[in-house]
Amino acid sequence: MARKRIGILTGGGDVPGLNAVIKSVTYRGSEDDIEVVGLRRGWEALTHLNLDDPSSKSHYIIPLNRENTRVIDRRGGTVLHSSRTNPSKMKKLPDHLAGRDFPVSQSTKGGIATTTWDLTNEVLANLAGLGIEHLIAIGGDDTLSYADELNRRGVKIIAIPKTMDNDVRNTEYCIGFSTAITRASDAIQRQRTTVGSHERIGIFRVFGRDAGFTALYTAYATSIRCAIPEYKVNLDKLIQLLLDDKHGNPSNYALIVLSEGAEWEGYKVQEFGEPDAYGHRRKASVAEAFADEIKRRTGEETIVSDLTYDLRSGDPDFIDKLVALTFGNMAYDAILEGKTGLMSALVEGRYDLVPIPDAKLGPRKLDVASAYNTERYRPLYSNKRGLPIFLNRAS
């Protein structure tokens, strides 16, 4: 009798903690004589894999075992690599699928027509060809949106949320968030010496396209001001608050952290470049734009620091390792029970399995009323009694 086979993949941006999930599932599988197969480069493994080509199989498929996963949890990133492939909206067919008949969609934006192909049928065929009975998909909103589609198509699938933005619905915590805040807090604390030495306003940019969790929690931990996507600040008021901070500081400096998607009244973050597989374009630096406004309006000098990619690099901290290991073991337990369409999560501060979020609802966002002081442009520090450990509830 063939051994049961589980597939596992990581999609989207890397964060610390992914390798801990991969190792925990692999070790549990070895104890139960279940094969665990790593699908390399996210969903690309299932769109570009050519089962008739040995080189393609070695490029995209890696059998996982105790030996090749023994030490991977000690470092960040993902040994399975990643991509932002969206199988339902492929702009180019892999060479070995050229000429094949797949559902086609056409759209026009900005006068430019785009043709995409839906390769879901190829994904289903590859999963069947590999003998994968259950799939674990680790990712953020984009990766999990396609996981939900596969679940609707009958694939047995369990999801695990990861993103340092912490903006996946149905959970209070995503793998990568704690390490991101730790990294950002450390960087800001170190750079106080430089900003203070030169008596400037320090402006820090962090990730957060649609949600301000990373900026707000960094501000919470470092006691500085912040701007988040969920609330458009008044520019004149914000600048005056920073000037008051600066002049009231014995070292004559002030600090603020901005989400990449933060805006102020009359300003919209500019985007550039080609959209990725999920329609996202790169955002121009709101920190640079804010620094220009400060200089133009007040003549004050600034120091701008882009912390974005540094926050997802390096080893996981304790919380991310703890949560990653637990999420992985929960996913494995769910597979043993034959469950599908569920996601490992934290709800009310407790571990739970919840439905994979509905992609149509978009990313989870901060509750401004309970988390953000719109008068002081700071986190709210009061009324935390009764909240879960991460001070927010799943939505």
Side-chain angles (χ1 to χ4, degrees), residues 15 140-141 161-169 171-189 191-192 201-235 237-238 241-242 245 254-265 267 269 283 285-287 290 304-308 310-312 317 319-320 323 346 349 362-395:
V15 297
D141 277 329
K162 69 87 209 159
T163 168
M164 58 187 174
D165 293 349
N166 207 43
D167 61 354
V168 173
R169 287 182 179 270
T171 182
E172 294 158 4
Y173 189 86
C174 303
I175 298 170
F177 183 57
S178 176
T179 306
I181 303 306
T182 301
R183 295 270 191 279
S185 300
D186 288 349
I188 289 171
Q189 296 297 66
Q191 291 187 42
R192 281 181 185 273
I201 296 174
I203 304 170
F204 299 90
R205 176 178 178 255
V206 297
F207 277 129
R209 175 184 284 108
D210 301 298
F213 290 97
T214 307
L216 183 114
Y217 281 63
T218 297
Y220 194 104
T222 55
S223 298
I224 65 176
R225 301 191 193 272
C226 61
I228 58 176
E230 292 89 343
Y231 187 84
K232 286 195 175 187
V233 299
N234 178 281
L235 183 59
K237 180 178 177 179
L238 176 57
L241 286 169
L242 289 172
D245 290 345
L255 303 175
I256 183 170
V257 57
L258 309 176
S259 298
E260 63 173 325
E263 296 176 341
W264 50 84
E265 296 167 4
Y267 169 79
V269 174
K283 290 187 179 292
S285 175
V286 63
F290 185 52
V304 175
S305 186
D306 194 319
L307 303 179
T308 48
D310 188 50
L311 305 192
R312 65 166 30 134
D317 67 8
I319 290 178
D320 270 327
V323 174
L346 274 167
R364 185 172 72 114
K365 298 191 176 186
L366 276 170
D367 176 34
V368 172
S370 64
Y372 188 58
N373 188 325
T374 57
E375 291 299 314
R376 302 181 64 204
Y377 302 147
R378 287 183 178 273
L380 278 173
Y381 293 98
S382 60
N383 302 317
K384 302 305 181 187
R385 185 177 178 182
L387 288 180
I389 185 170
F390 295 112
L391 305 178
N392 69 95
R393 289 190 167 90
S395 58

May I ask you to decide if [Y]'s main-chain N or O and [X]'s side chain share a donor-acceptor pair within less than 3.5 Å?
X	Y	answer
Arg378	Ser223	yes
Arg169	Gly362	yes
Glu230	Val368	no

Any donor-acceptor N or O pair under 3.5 Å, side chains Gln191, Ser305: yes

Any side-chain donor near an acceptor of the partner, Asn373 and Tyr231, under 3.5 Å: no

Can you name the closest pair of heavy atoms from [X] and [Y] and give their distance?
X	Y	result
Gly176	Asp320	N-OD1, 2.8 Å
Gly349	Pro388	N-CB, 3.6 Å
Ile181	Thr214	CD1-O, 3.5 Å
Glu263	Lys232	OE1-CE, 3.1 Å
Val15	Ile175	CG2-O, 3.5 Å
Leu241	Arg376	CD1-O, 3.9 Å

Spacing of [X] atom [atom1] and [Y] atom [atom2] [to the nearest 0.5 Å]:
X	Y	atom1	atom2	answer
Thr222	Ile188	OG1	CD1	4.5 Å
Leu391	Leu366	CG	CG	11.0 Å
Met164	Ser178	CE	OG	13.5 Å
Asp186	Thr179	CG	OG1	11.0 Å
Ile256	Tyr377	CD1	OH	10.0 Å
Leu235	Tyr267	CG	OH	10.5 Å

Close side-chain approach of [X] and [Y], heavy atoms under 4.5 Å:
X	Y	answer
Thr218	Phe204	no
Ile224	Arg192	yes
Leu346	Phe390	yes
Val206	Leu311	yes
Thr182	Ser185	no
Val304	Phe290	no

Reference residue Arg364; test side-chain hydrogen bond (donor to acceptor under 3.5 Å, both in side chains); the match among Asp167, Asn392, Asp165: Asn392

Contacts of Thr374 that satisfy side-chain hydrogen bond (donor to acceptor under 3.5 Å, both in side chains) - sequence neighbours left out: none

Set of side-chain hydrogen bond (donor to acceptor under 3.5 Å, both in side chains) partners for Lys365, sequence neighbours left out: none

Ring centroid separation Tyr217 to Phe177 under 6.0 Å: yes

Aromatic contact, Tyr381 with Tyr220 (centres under 6.0 Å): yes

Results of salt bridge (charged side-chain N to carboxylate O under 4.0 Å, His left out) for Arg312 - residues two or more places apart only: Asp14

Over 12 foreign heavy atoms within 6.0 Å of CG, Leu387: yes

Stepwise side chain to side chain contact (heavy atoms under 4.5 Å, CB included) test for Ile228 and Tyr372: CA-CA 9 Å; Ile228 58 176; Tyr372 188 58; 3.7 Å; yes

Intermediate values then yes/no, side chain to side chain contact (heavy atoms under 4.5 Å, CB included), Phe213 and Ser259: CA-CA 9 Å; Phe213 290 97; Ser259 298; over 6 Å; no

Arg393 and Glu172: CA distance, side-chain angles, deciding distance, salt bridge (charged side-chain N to carboxylate O under 4.0 Å, His left out) verdict: CA-CA 5 Å; Arg393 289 190 167 90; Glu172 294 158 4; 5.7 Å; no

Candidate pair Tyr173 and Val323, rule side chain to side chain contact (heavy atoms under 4.5 Å, CB included), full reasoning: CA-CA 9 Å; Tyr173 189 86; Val323 174; 3.8 Å; yes

